[in-house]
Asker: 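Sharing a structure below in structure tokens format, with a few things to ask.
As a basis for the values below, the full set of heavy atoms in this structure was taken, side chains included, without hydrogen atoms, waters or symmetry mates.
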Amino acid sequence: MTTDAIHGLLLETLPSLKAFSIMLTRDRNWAEDLAQETVLRVLSKSEQFQPGTNFKAWAFTIMRHQHIDQARRRRREATTFGDASAIENLMAVKAPQEDSLVLGELLQAIGTLNKAQRETLMLVVGNGLSYEEAAKVCGCPIGTIRSRLARARQELESKMLGESSIPRSETTRESRLAELHH
């Protein structure tokens, strides 16, 4: 594949990469660094891209690996991660309209999901990857992707409806059975 073709694909994918980096890091500065590192890595490894495969999934895989490497490095260096969430950064100016309020609530709810669920939701729903492509990006079986997505959707529905949710791992078998009988 030509360098111009790779550059074109990268330019098309860049907005999705930036959004994915924010969801991964939950910190704008780190997200920007991650996106830049990913672009550099994609360009330096462009000869490894196989034409006919999904470029976006390939670039997301590179970003995910970069993120894991950076997170490990940051932990080793004992740097404190910023507390500013991606949601607050994305919602710098909140409009008073109801749609904006609902969107803000949804983004906050997404921010409370565990990292694996948030990542899966972003890949499949936010960026339109298939379950198979998301599984390749995350390095896990398709069933895990489906499970994470289903749990993320359930958790979001519960939060948006104002229901309290207790993670399944914290409930006992007896309490789940009791819930079924009521």
Asker: Measure the CD1-CG distance between I6 and L10 for me, rounded to the nearest 0.5 Å.
Answerer: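 Answer rounded to 0.5 Å: 8.0 Å.
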Asker: If you round to the nearest 0.5 Å, how far is CD1 of I22 from CG of D27?
Answerer: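 Between D27 CG and I22 CD1, I get 9.5 Å after rounding to 0.5 Å.
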Asker: Between E157 and R153, is there a salt bridge with N-O shorter than 4.0 Å?
Answerer: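 Salt bridge: no.
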Asker: Just verifying a value: how many Å separate L9 CG and E12 CD, rounded to the nearest 0.5 Å?
Answerer: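 Rounded to the nearest 0.5 Å, the CG-CD separation comes out at 5.5 Å.
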Asker: Can you tell if the side chain of S16 reaches within under 4.5 Å of the side chain of F60, non-hydrogen atoms only?
Answerer: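 Touching, per the 4.5 Å side-chain cut-off.
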Asker: Under a 4.5 Å cut-off applied to non-hydrogen side-chain atoms, are S46 and M1 in contact?
Answerer: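 The answer is no, as the side chains (C-beta and beyond) never meet within the 4.5 Å cut-off.
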Asker: Grab the two heavy atoms, one from A109 and one from M160, that are nearest each other, plus how far apart they are.
Answerer: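 The pair with the smallest heavy-atom distance is CB-SD, 4.3 Å.
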Asker: If you count the non-hydrogen atoms of other residues, nucleotides and ligands that lie under 6.0 Å from NZ in K56, is the total more than 12?
Answerer: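 Yes - once you tally the heavy atoms of other residues, nucleotides and ligands closer than 6.0 Å, there are more than 12.
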Asker: With the side chain counted from C-beta on, respond yes when C140 and I145 share a heavy-atom pair under 4.5 Å apart, and no when they do not.
Answerer: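 With C-beta onward as the side chain, the pair touches.
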Asker: Side-chain contact test, heavy atoms from C-beta onward, threshold under 4.5 Å: evaluate it for L17 versus V42 and give yes or no.
Answerer: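 Of all side-chain heavy-atom pairs linking V42 with L17, none is under 4.5 Å.
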Asker: Does any donor atom in the side chain of T144 or R148 lie under 3.5 Å from an acceptor atom in the other side chain?
Answerer: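 Note: T144 and R148 side chains miss the donor-acceptor criterion.
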Asker: Angle between ring planes, F55 versus F49, binned at 30° and 60°: parallel, tilted or perpendicular?
Answerer: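 It falls in the perpendicular class, over 60°.
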Asker: What I want to find out is whether E119 reaches R64 closely enough, with some N-O distance under 4.0 Å, to be called a salt bridge.
Answerer: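 Salt bridge between E119 and R64, a charged N being under 4.0 Å from a carboxylate O: yes.
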Asker: If you look at every heavy atom in K115 and L24, which pair is closest and at what distance?
Answerer: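 Taking every non-hydrogen atom into account, CE-O, 4.4 Å.
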Asker: How close do V137 and A57 get, counting heavy atoms only, and between which atoms?
Answerer: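 Looks like CG2-O, 3.3 Å.
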Asker: To the nearest 0.5 Å, what is the distance between CG on N114 and CZ on R151?
Answerer: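 It is 7.0 Å, given to the nearest 0.5 Å.
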Asker: Please report the shortest heavy-atom distance between T13 and A59, naming the atom on each side.
Answerer: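 Shortest heavy-atom contact: CG2-CB, 4.4 Å.
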Asker: Supply the atom-to-atom distance Y131 OH to L149 CG, rounded to the nearest 0.5 angstrom.
Answerer: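 Going from OH on Y131 over to CG on L149, the span is 5.0 Å.
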Asker: Under 6.0 Å from the CD atom of E47, do we count more than 12 heavy atoms belonging to anything else shown?
Answerer: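 Count over threshold, so yes.
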Asker: To the closest 0.5 Å, what do you measure between CE (M23) and OG1 (T120)?
Answerer: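 Result: 10.5 Å between the selected atoms.
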Asker: Please tell me if the side chains of T3 and H7 come closer than 4.5 Å, counting only heavy atoms from C-beta onward.
Answerer: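 The answer is yes, as the side chains (C-beta and beyond) meet within the 4.5 Å cut-off.
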Asker: Closest heavy-atom contact between A31 and T25?
Answerer: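 Between these two residues, the closest heavy atoms are CB-OG1, 3.4 Å.
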Asker: With respect to E133, which candidate in N127, T61, N54, T53 satisfies the side-chain hydrogen bond (donor to acceptor under 3.5 Å, both in side chains) definition?
Answerer: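 Among N127, T61, N54, T53, the one meeting side-chain hydrogen bond (donor to acceptor under 3.5 Å, both in side chains) with E133 is N54.
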Asker: Do you reckon I68 sits in the same ILVMFWY cluster as M63, going by side-chain contacts under 4.5 Å, direct or chained?
Answerer: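 No.
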Asker: Are side-chain heavy atoms of S44 and R41 found at a separation under 4.5 Å?
Answerer: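 Side chain of S44 against side chain of R41, heavy atoms only: contact under 4.5 Å found.
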Asker: Using side-chain heavy atoms (C-beta onward) and a distance below 4.5 Å, is F20 in contact with L123?
Answerer: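 Side-chain contact under 4.5 Å: yes.
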Asker: Set out, in order, the CA-CA distance, both residues' side-chain angles and the distance that settles side-chain contact (heavy atoms from CB on, under 4.5 Å) for Q50 and W58, then state yes or no.
Answerer: CA-CA 9 Å; Q50 297 177 0; W58 180 70; over 6 Å; no
Asker: Would you confirm whether T38, through its side chain, and L34, through its main-chain N or O, come within 3.5 Å as a donor-acceptor pair?
Answerer: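 Yes, the answer is positive, given that a donor and an acceptor are paired below the 3.5 Å cut-off.
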Asker: Check whether any side-chain heavy atom of R118 lies under 4.5 Å from a side-chain heavy atom of T112, and answer yes or no.
Answerer: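 Of all side-chain heavy-atom pairs linking T112 with R118, none is under 4.5 Å.
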